[in-house]
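Structure first, then comments.
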Amino acid sequence: MEARRRDLRIPFPEDFENRLTGRRVQRLWRRAKYIMADLDGGETLVIHLGMSGRIAVYTKGNGRGLGAFHYETAGGEIGRGKHDHVVFDTDAPARIVFTDHRRFGLMTIVETAVLESHKLFKDLGAEPLSRQFDAEYLKGALRNKKTPIKSALLDQHVIAGMGNIYVCEALWRSRISPKRQAARVKAVQIDVLAPAIKQVLREAVRAGGSSLRDHRQTNGELGYFQKVFAAYDREGQPCMRRGCHGRIKRIVQSGRSTFYCPTCQVY
DNA sequence: AGGTCAACCTGAGCGC
DNA sequence: TGCGCTCAGGTTGACC
């Protein structure tokens with residue numbers, strides 16, 4: 001592997017390449033917005049894509065079954081772009097490229113046994129798609145939170161893995177105003193919100209994510225969830241809820257865009 | 001202690 | 001064509 005640029009959010013240590021070269025990935029998994037690759041030898045490669053990061057898999061020669069685009073046909077030399085920061089060549093054979101023009105992403109190596117207590121992970125909230133996450137969990141997590149519900153759901157310590165798009169969509173589906181103070185969202189609304197969160201995420205994953213600008217799946221294909229946005233990025237357009245004649249409004253909360261329908265998101 | 005906001009960095013898109 | 005401005009899928013740390 002090769003680290004072509006080492007100053008991502010957490011600068012790479014001197015021995016970064018040495019610790020990764022020749023290692024075998026034993027398990028690939030996810031926690032919050034972090035991608036985890038457990039390696040033989042008891043270490044885990046932790047990856048975050050930030051806002052603009054991308055991982056693409058290019059098959060080489062007879063690479064099979066990866067659903068990836070071909071190394072030879074992708075045009076130009078793969079992994080030599082201005083923002084191609086880390087390049088892995090695997091036995092597959094395949095080339096895996098981490099690209100991030102904004103460098104908000106990160107890669108770091110953590111001892112697998114102490115992952116849970118690492119500062120990046122120790123205070124994370126529940127996984128929204130886990131059984132642990134339900135309305136009761138959410139009620140507890142929002143109790144005493146004075147921040148608006150929109151900001152609370154983006155807080156990774158409350159619930160791990162929700163981004164701006166999916167928070168907006170889940171609130172729209174639940175008819176909850178993004179401006180409502182988190183602790184003041186009624187219990188019956190949280191009973192609606194918790195399953196709506198799971199539903200939005202499941203649908204988005206199935207659609208391959210949301211390609212607003214440059215999001216790509218690892219095989220280079222676009223995500224399609226943006227085609228079914230009801231609120232996000234629809235400022236000024238009619239609300240899609242049956243019987244609602246409102247228009248989607250854009251406001252800024254905690255420095256982030258919120259899209260919602262002021263006519264029907266009233267709880 | 002909890003909440004808010006600027007900063008990190010680059011590129012795209014827009015109006016002029 | 002180019003300049004200047006605004007905005008972007010996220011997180012952190014400094015400050016109130």
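All values derive from a computational prediction rather than experimental measurement. Chain naming here is simple, since letters A, B, ... match the order of the sequence lines and numbering starts at 1 in each. These numbers come from the heavy atoms of this one structure, side chains and all, not from hydrogens, waters or symmetry mates.
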> Charged N to carboxylate O below 4.0 Å: is that the case for A/Asp7 and A/Arg5?
Replying inline: yes
> Roughly, in whole Å, what's the span from CD1 in A/Ile47 to C1' in C/dG10?
Replying inline: 16 Å
> For the pair made of CG in A/Leu212 and C1' in B/dA12, what is the distance, rounded to whole Å?
Replying inline: 13 Å
> When the P atoms of C/dT12 and B/dG11 are considered, how many whole Å apart are they?
Replying inline: 24 Å
>> For A/Phe98 and A/Phe88, I'd like to know if the aromatic rings sit close, meaning centre-to-centre distance below 6.0 Å.
In response: no
>> Ring centroids only, cut at 6.0 angstrom: are A/Phe259 and A/Phe229 within range, meaning strictly under it?
In response: no
>> Quick check on DNA chain B: between A/Arg5 and A/Asp155, whose nearest nucleotide comes earlier from the 5' end?
In response: A/Asp155
> Of the candidate nucleotides C/dA8, B/dT4, C/dT12, which contains the atom at the shortest distance from the side chain of A/Leu120?
Replying inline: C/dT12
> If you look at every strand shown and take non-hydrogen atoms under 4.0 Å, does A/Asp100 touch a base, only sugar-phosphate, or nothing?
Replying inline: nothing
> Charged N to carboxylate O under 4.0 angstrom, A/Lys139 versus A/Glu136?
Replying inline: yes
>> Looking only at the side chain of A/Arg256 (C-beta and beyond, no hydrogens), which of the listed nucleotides C/dG10, B/dG3, B/dT4 gets closest?
In response: C/dG10
> Any side-chain donor paired with an acceptor under 3.5 Å for A/Arg54 and A/Thr99?
Replying inline: no
> For A/Leu8, which contact category applies under a 4.0 Å heavy-atom criterion: base, sugar-phosphate, or nothing?
Replying inline: nothing
> What nucleotide, of C/dT11, B/dT10, B/dT4, holds the atom closest to the side chain of A/His83?
Replying inline: B/dT10
> How close or far is atom C1' of B/dT4 from atom CD of A/Gln181, stated in whole angstroms?
Replying inline: 14 Å
>> Can you check the distance between C/dC3 and B/dC9, where both ends of the measurement are the P atom (answer in whole Å)?
In response: 23 Å
> Which whole-number value in Å describes the distance from A/Ile10 CD1 to C/dG10 P?
Replying inline: 17 Å
> Reckon A/Gln156 has a side-chain N or O less than 4.0 Å from the OP1 or OP2 of C/dT11?
Replying inline: yes
>> Between C1' on C/dC7 and CG on A/Asn164, what's the gap in Å once rounded to a whole number?
In response: 12 Å
>> Both conditions, 6.0 Å and 45 degrees, for the charged tip of A/Arg102 above the ring of A/Phe104: are they met here?
In response: yes
> What are the two closest non-hydrogen atoms of A/Glu221 and A/Asn219, and how far apart are they?
Replying inline: N-OD1, 3.0 Å
> Atom CD1 of A/Ile149 to atom C1' of B/dG3: distance rounded to whole Å?
Replying inline: 15 Å
>> Students often get this wrong, so: under 4.0 angstrom with heavy atoms, is A/Gly255 touching a base, only sugar-phosphate, or nothing?
In response: nothing
>> Rounding to an integer number of angstrom, what distance separates B/dA12 and C/dT11 when you compare their C1' atoms?
In response: 22 Å
>> Within the 4.0 Å heavy-atom criterion, would you say A/Ser257 contacts the bases, only the backbone, or no part of the nucleic acid?
In response: sugar-phosphate
> Among C/dA8, B/dT4, C/dG10, which is the nearest nucleotide to the side chain of A/Phe104?
Replying inline: C/dG10
> Strictly by modelled atom types, are A/Lys150 and A/Thr258 linked by a side-chain donor-acceptor pair under 3.5 Å?
Replying inline: yes
>> Output the rounded distance in Å from CG (A/Leu106) to P (C/dT12).
In response: 8 Å
> At under 4.0 Å between heavy atoms, what does A/Arg250 touch on the DNA or RNA strands: base, sugar-phosphate, or nothing?
Replying inline: sugar-phosphate
>> Given C/dT11, B/dC9, B/dT4, identify the nucleotide with an atom nearest to the side chain of A/Arg102.
In response: B/dC9
> Of all the choices, C/dG10, C/dT11, B/dC9, which nucleotide is nearest to the side chain of A/Met51 once you look at every atom?
Replying inline: C/dG10
>> What contact category does A/Phe225 fall into here, base, sugar-phosphate, or nothing, at under 4.0 angstrom with non-hydrogen atoms?
In response: nothing
>> Let's test this: given Watson-Crick or G-U wobble pairing with both distances under 3.5 Å, identify the partner of B/dG3.
In response: C/dC15
> Choosing from B/dC9, C/dC7, B/dG11, which nucleotide comes nearest the side chain of A/Arg103?
Replying inline: B/dC9
> Roughly how many Å is it from CD1 in A/Ile251 to C1' in B/dC5, rounded to a whole number?
Replying inline: 16 Å
> Which nucleotide in the set C/dA8, B/dG3, B/dT10 lies at the smallest distance from any side-chain heavy atom of A/Arg213?
Replying inline: C/dA8
>> Can you identify which nucleotide, out of C/dT11, B/dT4, B/dC9, has its nearest atom closest to the A/Lys33 side chain?
In response: C/dT11
>> Tell me which nucleotide, if any, is Watson-Crick or G-U wobble paired with B/dC9 when both distances must be under 3.5 Å.
In response: none
>> Starting the side chain at C-beta, find the nucleotide from C/dG10, B/dG3, B/dT10 nearest to A/His101.
In response: B/dT10
> Between B/dT4 and A/Thr147, is there an OP1 or OP2 to side-chain N/O distance shorter than 4.0 Å?
Replying inline: yes
> Do the side-chain N or O atoms of A/His48 get closer than 4.0 angstrom to the phosphate oxygens (OP1, OP2) of C/dG10?
Replying inline: no
> Does OP1 or OP2 of B/dT10 have a side-chain N or O of A/Lys82 closer than 4.0 Å?
Replying inline: no
